[in-house]
Amino acid sequence: DGFLRLVWGLGTRAVDRVGNDYPRLVALSHPLLFSHSDPKMIFNYSQRYVDVIDLEKNQLVTLPVEEVQDKRSNVLRYISQQYKGGYISNIRSNRIFGDDTQLVITFEELLRRTPFAGRMRKILQLLEKSYNLPVDVEFTLRILDPRSTKPDVKITLLQCRPQSHLQESDSRLPANLEDKQIVFSTKGVLPQGRVSDIRFVLFVPPEGYYALPTPSARAELGRGISQLNAKLDEEVFICVGPGRWGTVNPDLGVQIGYSDIYNTRALVELSGQGVGLAPEPSFGTHFFQDLLEAQIYPLAIFLDDDDIIFDRKFFYETPNSVAKIDAELFDLECCLRLIAVEDFRPGHHIELVMDDDAGQAVAFLQKNDEELN
């Protein structure tokens, strides 16, 4: 039915992977569902900053939402709720709240009390029918007559384009796969597809990355990844690292651009076990569209989940081939590992299968002369 990224203010925080914020993610088939059931998690993964135009200075500025929200505004109750004492509730009054009450942007009442979600479903269905393809749109929204018990909304389409999509491929998980073959596995929302004959894994160890003392040191790592990407242009490889690939905030992940990793076949994001907050899905961002157009698969591994596999021996004990590929990168070996699959298990490569029907992605070792079945 469609998938939305909603933010208050200018849409920059919806289409770019900003490092310090989260949009509200809305599945139009079930618009009132959150990705988390715990109120504290809903609060943590909410929008904290808003991009606006300062009319007096005539410039774009980013401000904390508390500085922009007007508690007397009739629109406030449609975009925000109260977070107090570990609970989230609707705003019932325009009176000033107590010191222990915080506002959290959820768009709950917008989705519940207005025709917005249903109208967006119809818009996307109509555009998909006209384009003969699913579409990606950018839009603005205005709540009309917010004092009404059933206010209307005005949706303005700013942009519409056919969605990029990953090529169809055989992506069924093989039968009788043994745990000793598995390099990593993950479950949840994932693309459908397969990457075959993987010979290298570019791995950024979370411990090494977050031990880098300065932003400039992390920027140097990004340049090193870019160099390896160029050196491996004729190889099949994937990238695995902490937090968000492509974030603008190096505290939350590896700060690279599409031009630094365009030769990779998959970007795998790690979270949990000291890595930091779970990576916000890139779905709908410009970075995500770049990945799809280049047929690069985005994946996330939540290391705290009981049903995932992450072979630390493969990632941490296999010899580091960084300096073999590019001697200039010797100084980055503490925070950048290039793993040749043959160094871990001679005569093998990795197959990465993402089976959306099974809700699971698995990277596993396979003999070079063995067919996948």
Across all chains, not counting sequence neighbours, the ring-ring contact (aromatic ring centres under 6.0 Å, His included) partners of F34 are none

So, is the end of the R5 side chain (NZ or CZ) under 6.0 Å from the ring centre of Y22 and within 45° of the ring's axis? no

Looking only at atom types and distance, does a side-chain atom of S46 sit under 3.5 Å from a main-chain N or O of I105, one as donor and one as acceptor? no

Applying side-chain hydrogen bond (donor to acceptor under 3.5 Å, both in side chains), name anything that partners E207, two or more places apart in sequence or on another chain. Y316

Shared hydrophobic cluster, Y131 / V137 (ILVMFWY, side-chain heavy atoms < 4.5 Å): yes

Salt bridge (Lys or Arg N to Asp or Glu O under 4.0 Å) partners of E328, counting only residues at least two apart: none

So, using salt bridge (Lys or Arg N to Asp or Glu O under 4.0 Å) as the criterion, who are the partners of D197 when residues are at least two apart? R199

All N/O donor-acceptor pairs, side-chain side in residues 142-152, below 3.5 Å, sequence neighbours left out:
unit_1 : atom_1 : unit_2 : atom_2 : d
S148   : OG     : K150   : N      : 3.2
D152   : OD1    : R119   : NH1    : 3.1
D152   : OD1    : R119   : NH2    : 3.1

Can you tell me if Q360 and D355 form a side-chain donor-acceptor pair at under 3.5 Å? no

Does CG in D233 sit with more than 12 non-hydrogen atoms of other residues, nucleotides or ligands closer than 6.0 Å? yes

Can you see whether R113 engages Y78 through a side-chain donor-acceptor pair at a distance of less than 3.5 angstrom? yes

Please answer: with hydrophobic residues joined when any side-chain heavy atoms are less than 4.5 Å apart, are V75 and I53 in the same cluster? no

Set of residues satisfying ring-ring contact (aromatic ring centres under 6.0 Å, His included) with respect to F314, sequence neighbours excluded: F344

Note: R161-D136 ion pair, threshold 4.0 Å (strictly below): yes

Would you confirm whether the ring centroid of F310 sits within less than 6.0 angstrom of the ring centroid of F315? yes

Closest approach of H349 and V341, non-hydrogen atoms and distance? CA-CG1, 3.7 Å

Apply side-chain hydrogen bond (donor to acceptor under 3.5 Å, both in side chains) to S226 and list each qualifying residue two or more places apart in sequence or on a separate chain. D260

Among all residues two or more places apart in sequence or in another chain, which pass the side-chain hydrogen bond (donor to acceptor under 3.5 Å, both in side chains) test with R337? none

Which residues satisfy the side-chain hydrogen bond (donor to acceptor under 3.5 Å, both in side chains) test with E128, sequence neighbours excluded? none

Under a plain distance cut-off of 3.5 Å, with no hydrogens placed, do D326 and Q227 share a side-chain donor-acceptor pair? yes

Within the structure provided, determine whether W245 and I256 are in side-chain contact (heavy-atom separation under 4.5 Å). yes

Mind listing the closest non-hydrogen atom pair of P205 and L336 along with its distance? CD-N, 4.1 Å

Same cluster or not: V7 versus V61, using hydrophobic residues (I, L, V, M, F, W, Y) connected whenever any side-chain heavy atoms lie under 4.5 Å apart? no

Do Y87 and M41 belong to the same hydrophobic cluster, where Ile, Leu, Val, Met, Phe, Trp and Tyr are linked whenever their side-chain heavy atoms lie under 4.5 Å apart, directly or via other members? no

Please find the pair of heavy atoms, one from V236 and one from S196, that lie closest to each other, and give the distance. CG1-O, 3.6 Å

Heavy atoms, side chains only, cut-off 4.5 Å: are L111 and R24 in contact? yes

If a pair satisfies salt bridge (charged side-chain N to carboxylate O under 4.0 Å, His left out) and one of its residues is in residues 35-45, list it, with sequence neighbours excluded. none

Sequence-distant partners of R218, salt bridge (Lys or Arg N to Asp or Glu O under 4.0 Å), two or more places apart: D251

Is the side chain of E67 donor-acceptor paired with the backbone N or O of P64 at a distance under 3.5 Å, no angle test? no

Partner residues of K57 under the salt bridge (Lys or Arg N to Asp or Glu O under 4.0 Å) criterion, sequence neighbours left out: none

